[in-house]
Amino acid sequence: MTLTEFKQILESTGLPVAYRYFAEAQNAPYIVFSSGGANNISADDKVYASFNKVRVDLYINKKDIQTEQKLENALSDFYYEKSEDYIDSLKMIQIIYEMEI
């Protein structure tokens, strides 16, 4: 799966989506995603399969289970790890999903 195809999956949530950052400030909720390398599987001294390591950050102003569920429904075909943090300087909750695609 390409990052372009993955972005389309994220856009199916109806939320604004950007790779790494938005050129202009956005009102929450919004999604930012990035790729942090690859996990390769080798065979016969070659790359047999390659999986992108992807991080998806959901930014929300307050805890919003429905928005989280909307994103998690879009990600239902992937195994992901989920964590949450509060960014005091932004006064936002950051929910982080990490996976391979």
TODO: Decide if atom NZ of Lys63 counts as having more than 12 heavy atoms of other residues, nucleotides or ligands within a radius under 6.0 Å.
DONE: yes
Open item on the list: For Tyr86, is the OH atom crowded, meaning more than 12 foreign heavy atoms sit under 6.0 Å from it?
Closed with: yes
Open item on the list: Test side-chain contact (heavy atoms from CB on, under 4.5 Å) on Tyr97 and Glu68; report intermediate values, then the result.
Closed with: CA-CA 11 Å; Tyr97 300 85; Glu68 287 180 57; 4.1 Å; yes
- [ ] Using a 4.5 Å cut-off on heavy atoms from C-beta on, say whether the side chain of Asp64 contacts that of Pro29.
- [x] no
- [ ] List the atom of Arg55, the atom of Ile96, and the distance in Å for their closest heavy-atom pair.
- [x] NH2-CD1, 3.3 Å
Task: Rounded distance (nearest 0.5 Å) linking atom CE of Met92 with atom CD1 of Ile87 - done: 8.0 Å
Task: Side chains of Asn52 and Phe6 in contact at under 4.5 Å (non-hydrogen atoms) - done: no
- [ ] Show the numbers, then the answer: is there a side-chain contact (heavy atoms from CB on, under 4.5 Å) between Phe33 and Lys7?
- [x] CA-CA 8 Å; Phe33 75 105; Lys7 184 179 181 191; 3.7 Å; yes
Open item on the list: Measuring centre to centre across the rings, with the benzene-like ring taken for any Trp, is Tyr59 within less than 6.0 Å of Phe22?
Closed with: no
- [ ] Report yes or no: does Tyr30 contribute a side-chain atom to a donor-acceptor pair with the main-chain N or O of Ala25 at less than 3.5 Å?
- [x] no
Task: Hphob cluster co-occupancy, Met1 + Phe51, side-chain heavy atoms under 4.5 angstrom - done: no
Task: Value rounded to 0.5 Å, distance of CG in Leu90 from CG in Asn61 - done: 10.0 Å
- [ ] Quick one: pull up OG1 in Thr67 and CG in Leu15 and give me the separation to the nearest 0.5 Å.
- [x] 6.0 Å
Task: OG1 on Thr13 to CD on Gln69, rounded to 0.5 Å - done: 12.5 Å
TODO: Inspect the surroundings of CG in Asn27 and state if more than 12 heavy atoms from other residues, nucleotides or ligands are less than 6.0 Å away.
DONE: no
TODO: Say whether, by atom type as modelled, one donor and one acceptor occur between the side chain of Lys91 and the main chain of Asp88 under 3.5 angstrom.
DONE: yes
TODO: Please report the C-alpha distance between Val54 and Tyr80 in whole Å, then the side-chain angles of each, then the deciding distance to 0.1 Å, and finally whether the side-chain contact (heavy atoms from CB on, under 4.5 Å) criterion is met.
DONE: CA-CA 10 Å; Val54 176; Tyr80 56 82; over 6 Å; no
Task: Ile31 side, atom CD1; Lys70 side, atom NZ - distance, nearest 0.5 Å - done: 9.0 Å
Open item on the list: Let's go through Thr2 and Ile101 carefully: what are the C-alpha distance in whole Å and the side-chain angles of both, what is the deciding distance for side-chain contact (heavy atoms from CB on, under 4.5 Å) to 0.1 Å, and is it a yes or a no?
Closed with: CA-CA 8 Å; Thr2 67; Ile101 60 169; over 6 Å; no
Open item on the list: When you compare the side chain of Leu10 with that of Leu71, does any pair of heavy atoms fall below 4.5 Å?
Closed with: yes
TODO: State, to 0.1 Å, how close Ile95 and Lys82 come at their nearest heavy-atom pair, and which atoms those are.
DONE: CG2-CE, 3.7 Å
Task: Distance in Å, Glu98 CD paired with Asp57 CG, rounded so as to fall on 0.5 Å steps - done: 8.5 Å
